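Have a look at the structure below before the remarks.
These numbers come from a predicted model, not from an experiment.
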Amino acid sequence: QSDVDVCVQAPRASTRASQVKVLREISTQLGKVEQYTMEPRFGAQVPILHWAPRRPGMVSCDISVNNIVAVVNSRLLGEYVRVDPRMRTLGFCIKAWARTRGINDRSR
């Protein structure tokens, strides 16, 4: 199952510590939604907040702050698909292959 990756742009959060602070502020607000659980992954290379549903079938969300590289990569993948729609299928196949080998989660 896939998730949604959200990159919050916060100009005042230029250091890792300030990015974690922003994620903690977001966590405080999202923690009020009882249908979801919060899992801070601040030790990851890029600190994220994993917001996951308590019941199956709902979408989880990974939230990062100022992770511009991820935004650029997503746009690049979108361009690949625009140029050749078969790239979408190839991307899903690679992702499934990596998942079966346990190498698709950079936060762990």
Side-chain angles (χ1 to χ4, degrees):
Q1 181 166 336
S2 224
D3 63 7
V4 174
D5 293 319
V6 175
C7 175
V8 175
Q9 292 184 318
R12 62 182 170 82
S14 58
T15 66
R16 182 182 185 86
S18 59
Q19 291 169 355
V20 169
K21 182 179 179 189
V22 170
L23 289 172
R24 289 186 196 284
E25 292 170 8
I26 292 169
S27 175
T28 300
Q29 296 305 311
L30 291 180
K32 297 175 184 177
V33 180
E34 294 178 6
Q35 295 89 345
Y36 281 74
T37 62
M38 202 72 57
E39 182 186 342
R41 296 180 182 171
F42 300 150
Q45 184 176 1
V46 174
I48 63 167
L49 188 61
H50 183 70
W51 194 47
R54 294 186 186 272
R55 63 184 178 122
M58 297 173 70
V59 176
S60 64
C61 181
D62 287 339
I63 304 165
S64 63
V65 176
N66 296 338
N67 188 9
I68 304 307
V69 172
V71 173
V72 171
N73 285 343
S74 293
R75 288 184 180 156
L76 180 60
L77 291 172
E79 284 300 307
Y80 289 158
V81 171
R82 188 185 65 73
V83 170
D84 187 339
R86 296 175 298 172
M87 293 301 291
R88 178 181 303 274
T89 303
L90 178 61
F92 284 130
C93 289
I94 292 171
K95 189 169 184 173
W97 174 85
R99 186 180 305 121
T100 63
R101 284 151 182 80
I103 58 173
N104 67 319
D105 189 350
R106 293 186 62 181
S107 69
R108 296 186 191 271

Item to complete: Kindly give the heavy-atom pair with the smallest separation between Y36 and M58, and that separation in Å.
Response: CE1-CE, 3.5 Å
Worksheet item: Any chain of hydrophobic side-chain contacts (each under 4.5 Å) joining L90 to F92?
Response: no
Worksheet item: So, S74 side chain and A70 main chain: donor-acceptor pair closer than 3.5 Å or not?
Response: yes
Discussion item. Looking at Q35, is its backbone amide N or carbonyl O close enough to the side chain of R55 to form a donor-acceptor pair, meaning the two atoms are under 3.5 Å apart?
Written reply: no
Practice prompt. Carefully, step by step, assess N73 and V71 under the rule side-chain contact (heavy atoms from CB on, under 4.5 Å).
Written response: CA-CA 5 Å; N73 285 343; V71 173; over 6 Å; no
Worksheet item: Quick one: does I68's side chain get under 4.5 Å of Q9's, heavy atoms only?
Response: yes
Discussion item. Please evaluate residues Q19 and V46 with respect to the criterion side-chain contact (heavy atoms from CB on, under 4.5 Å), reporting the C-alpha separation (whole Å), side-chain torsions for both, the decisive distance (0.1 Å), and the verdict.
Written reply: CA-CA 10 Å; Q19 291 169 355; V46 174; 5.9 Å; no
Discussion item. Working note: R12 + S18, criterion side-chain contact (heavy atoms from CB on, under 4.5 Å); need CA distance, chi angles, decisive distance, verdict.
Written reply: CA-CA 8 Å; R12 62 182 170 82; S18 59; over 6 Å; no
Worksheet item: What heavy-atom pair brings P40 and L49 nearest, and what distance separates the two atoms?
Response: CA-CD1, 3.9 Å
Worksheet item: What pair of heavy atoms forms the shortest contact from A44 to R16, and how long is it?
Response: O-NH2, 2.6 Å
Discussion item. As an exercise, state the distance from NE2 of H50 to OG1 of T37, rounded to the nearest 0.5 Å.
Written reply: 7.0 Å
Worksheet item: How about V69 and N67: do any of their side-chain heavy atoms sit closer than 4.5 Å?
Response: yes
Worksheet item: Closest heavy-atom contact between R54 and E34?
Response: NE-O, 2.7 Å
Worksheet item: Is a donor on one side and an acceptor on the other found under 3.5 Å between the side chain of N66 and the backbone of A13?
Response: yes
Worksheet item: Applying the 4.5 Å side-chain criterion to the ILVMFWY set and letting contacts propagate, would L76 and V83 be lumped into a single cluster?
Response: no
Worksheet item: Rounded to the nearest 0.5 Å, how far does CG of L23 lie from OG1 of T28?
Response: 11.0 Å
Item to complete: Identify, with sequence neighbours excluded, every residue that meets side-chain contact (heavy atoms from CB on, under 4.5 Å) alongside L30.
Response: I26, M38, W51, I63
